[in-house]
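Notes follow the structure.
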Amino acid sequence: MRTSGAAEVWFSVLKMRFRLLRRNVLVLVGVSVAFVILLFSARVLVLPDGTRGPPAAAGAPLKRDAVRFSFGSPEELTGSVFGANFQQYVHNADRFPGEPRLVLVVQVHNRPQYLRLLIRSLERAAEVHGFLLIFSHDYFSEEINTIVQGISFCRVLQIYFPFSTQLFPGEFPGQDPRDCPRDISKTDAVRTGCLNAEHPDSYGHYREASVTQTKHHWWWKLHFVWERVQAVQGYSGFIVFLEEDNYIVPDFFHFYKLMMLFRKNSCPDCDLLALGNHDGLADFTKQTSKVLTTTWMSTKHNMGMAMSRDVYYKLMGCSTEFCTYDDYNWDWTLQHLSGTCVSKPLKVLAALGSRVLHTGDCGLHQKENCRPELASHRVEEGLRSAKEGLFPQSLALEAAELVEHRAHMKNGGWGDARDHSLCISYAKHL
């Protein structure tokens, strides 16, 4: 007797979890050894005067070595990922002690040329030494690792999405060869018996692992940073979320502080900040000090978005809705939640003079003819023209628009029950 489609999907998810559990047995051994070494290396001695000091020389800073990353087989990569996420080595912590003044989280895939541009812009940002940069990776390479480890101007932490398609070649959440082809009809899919035949998206298409990964990574990252990253646990400010093809304007932190002050005095019900927009540096000198309040929208406010812990908790309450809404884009999904599951639509304080620029001329849907050198030239030219508008003394409210739910047409690409189950599990396992 043939097993039902729903049962097949459930068995597939279980099998994926058992494979992960089996793989993690070896990983757990490695992590345990690392933990013992960590405890040993971080031990302290009670000195004759009753104070505590390191075993080597009193007053010398303790050293915590980063996990040695292995870029070999998926099993070796998995061990490195779990070890690094457990240890959470903060690079440059001894050079820049104290609590971070601003936390920025960068979602990184595999565009190292654009990542270099972002890092260059961060190095030029005012007061960058007080930043904590968290790079969240879903693609693991020696080149990207070397680029990030080369940062010397502030504290840096790297975290790693443990359900990357790179770690699961040939099986969910990667692309299983038994999965249904994207464009096969449901009738033909059921007839051929491919794994996810019963779960096409709203437009009749089946999942593509490369398309679903970005939303998975964004939701996991949100949970992991707020709940698991030790360096953030005492942090009370907003966290700014960026992507690898963003570029920071030199007065970024100055403008962030002005926005926080404006929010405190004039817009305490603003849920989010949007330090960037998609207008680039057009009319920057005229718009430099202007902000508006409005409904958060995917197409306008997804770049340089800053979020508080309170808003994160609001979103956590909508985990099931986020994870089952049939749209492969995290930002369109967030817009759907605003005013539905999140009963009060999300209100944003948005910069009209963008402090975050977009350099990427290729990405998920366009992978050829990438010209980062042209993007860099355009940005440099724009910044020269905008120089006189940097570092405004205060902000002025341009408009206070109506805040309401903005419905949109879902984009699909997120109909597979396995994606729903995995996505929901991120919050459950915290």
Side-chain angles (χ1 to χ4, degrees), residues 99-105 121-122 124-132 226 232 235-242 246-315 331 334-335 338-339 342 344-358 383 386-404 406:
E99 295 298 318
R101 299 183 67 192
L102 180 64
V103 176
L104 301 95
V105 180
S121 73
L122 286 163
R124 296 173 178 176
E127 302 181 76
V128 67
H129 303 309
F131 293 4
L132 169 63
W226 283 114
V232 173
Y235 179 72
S236 59
F238 279 43
I239 291 180
V240 180
F241 292 90
L242 303 170
N246 291 161
Y247 192 100
I248 301 302
V249 173
D251 69 346
F252 174 85
F253 185 51
H254 171 81
F255 198 84
Y256 165 83
K257 290 186 289 184
L258 290 180
M259 290 187 85
M260 290 295 287
L261 181 62
F262 186 94
R263 177 183 179 272
K264 178 181 178 181
N265 295 332
S266 304
C267 191
D269 61 335
C270 283
D271 301 293
L272 301 165
L273 307 181
L275 286 99
N277 58 53
H278 295 275
D279 298 329
L281 293 171
D283 295 324
F284 181 83
T285 54
K286 294 180 180 179
Q287 305 279 30
T288 181
S289 63
K290 297 178 181 179
V291 293
L292 65 83
T293 60
T294 186
T295 306
W296 189 91
M297 294 184 64
S298 165
T299 54
K300 295 182 178 181
H301 309 122
N302 63 352
M303 193 164 63
M305 182 179 76
M307 178 188 302
S308 68
R309 189 179 293 272
D310 287 341
V311 172
Y312 161 69
Y313 288 142
K314 286 184 183 180
L315 298 182
D331 45 359
L334 190 60
Q335 182 173 323
S338 174
V342 179
K344 184 181 177 183
L346 294 171
K347 185 176 182 179
V348 62
L349 176 63
L352 294 185
S354 184
R355 263 58 187 186
V356 182
L357 308 176
H358 182 249
L383 285 175
K387 186 176 180 180
E388 297 302 318
L390 296 175
F391 298 97
Q393 293 185 353
S394 60
L395 300 184
L397 183 65
E398 177 75 359
E401 298 179 350
L402 178 66
V403 178
E404 59 183 352
R406 304 286 179 88

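In this text, all values refer to a predicted model and were calculated from it rather than measured experimentally.
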Would you check if [X] and [Y] make a side-chain contact, meaning some heavy-atom pair closer than 4.5 Å?
| X | Y | result |
| --- | --- | --- |
| Leu383 | Leu281 | yes |
| Pro392 | Phe255 | yes |
| Asn246 | Leu357 | no |
| Tyr247 | Leu242 | no |
| Phe253 | Ile248 | no |
| Val240 | Leu102 | yes |

Practice task
Test Asp269 against Lys344 for side chain to side chain contact (heavy atoms under 4.5 Å, CB included), laying out the working first.
Solution key: CA-CA 11 Å; Asp269 61 335; Lys344 184 181 177 183; 4.0 Å; yes
With no hydrogens and no angle check, is any side-chain donor or acceptor of [X] less than 3.5 Å from a backbone partner on [Y]?
| X | Y | answer |
| --- | --- | --- |
| Arg309 | Ser236 | no |
| Trp296 | His301 | yes |
| Gln335 | Ser298 | yes |

Nearest heavy-atom pair of [X] and [Y]: which atoms, and what distance?
| X | Y | value |
| --- | --- | --- |
| Gly276 | Ser354 | CA-OG, 3.2 Å |
| Phe284 | Ala386 | CD2-CB, 3.4 Å |
| Tyr235 | Ile239 | CE2-CG1, 3.9 Å |

Problem - From CA spacing to verdict: side chain to side chain contact (heavy atoms under 4.5 Å, CB included), Leu104, Leu132 - result: CA-CA 6 Å; Leu104 301 95; Leu132 169 63; over 6 Å; no
Working to the nearest 0.5 angstrom, can you tell me the gap between [X] [atom1] and [Y] [atom2]?
| X | Y | atom1 | atom2 | result |
| --- | --- | --- | --- | --- |
| Leu395 | Leu292 | CG | CG | 11.5 Å |
| Leu275 | Met303 | CG | CE | 10.5 Å |
| Lys257 | Asp251 | NZ | CG | 10.5 Å |
| Met307 | Tyr313 | CE | OH | 13.0 Å |
| Arg263 | Ser308 | CZ | OG | 6.0 Å |
| Thr295 | Leu402 | OG1 | CG | 6.0 Å |

Handout entry: Val249 vs Val356, side chain to side chain contact (heavy atoms under 4.5 Å, CB included): CA-CA, chis, key distance, verdict
Key = CA-CA 6 Å; Val249 173; Val356 182; over 6 Å; no
Practice task
Compute whether any side-chain donor of one residue and acceptor of the other, for Thr288 and Arg355, lie under 3.5 angstrom apart.
Solution key: yes
Exercise for the section: Return each pair, listed once, that meets side chain to side chain donor-acceptor pair (under 3.5 Å) where at least one residue sits in residues 274-287; pairs must be two or more places apart or across chains. Expected result: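 Passing the test, one end in residues 274-287: His278-Asn302.
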Practice task
Run the numbers on Asp271 and Lys347 for salt bridge (charged side-chain N to carboxylate O under 4.0 Å, His left out), then give the verdict.
Solution key: CA-CA 5 Å; Asp271 301 293; Lys347 185 176 182 179; over 6 Å; no
Practice task
Please list, chain by chain and in numerical order, all residues satisfying ring pair (Phe, Tyr, Trp, His ring centres under 6.0 Å) with Phe238, sequence neighbours excluded.
Solution key: none
Problem - Evaluation steps, side chain to side chain contact (heavy atoms under 4.5 Å, CB included), between Thr294 and Leu349 - result: CA-CA 7 Å; Thr294 186; Leu349 176 63; over 6 Å; no
Handout entry: Whether Phe252 and Phe131 hold their rings parallel, tilted or perpendicular, with breakpoints at 30° and 60°
Key = perpendicular
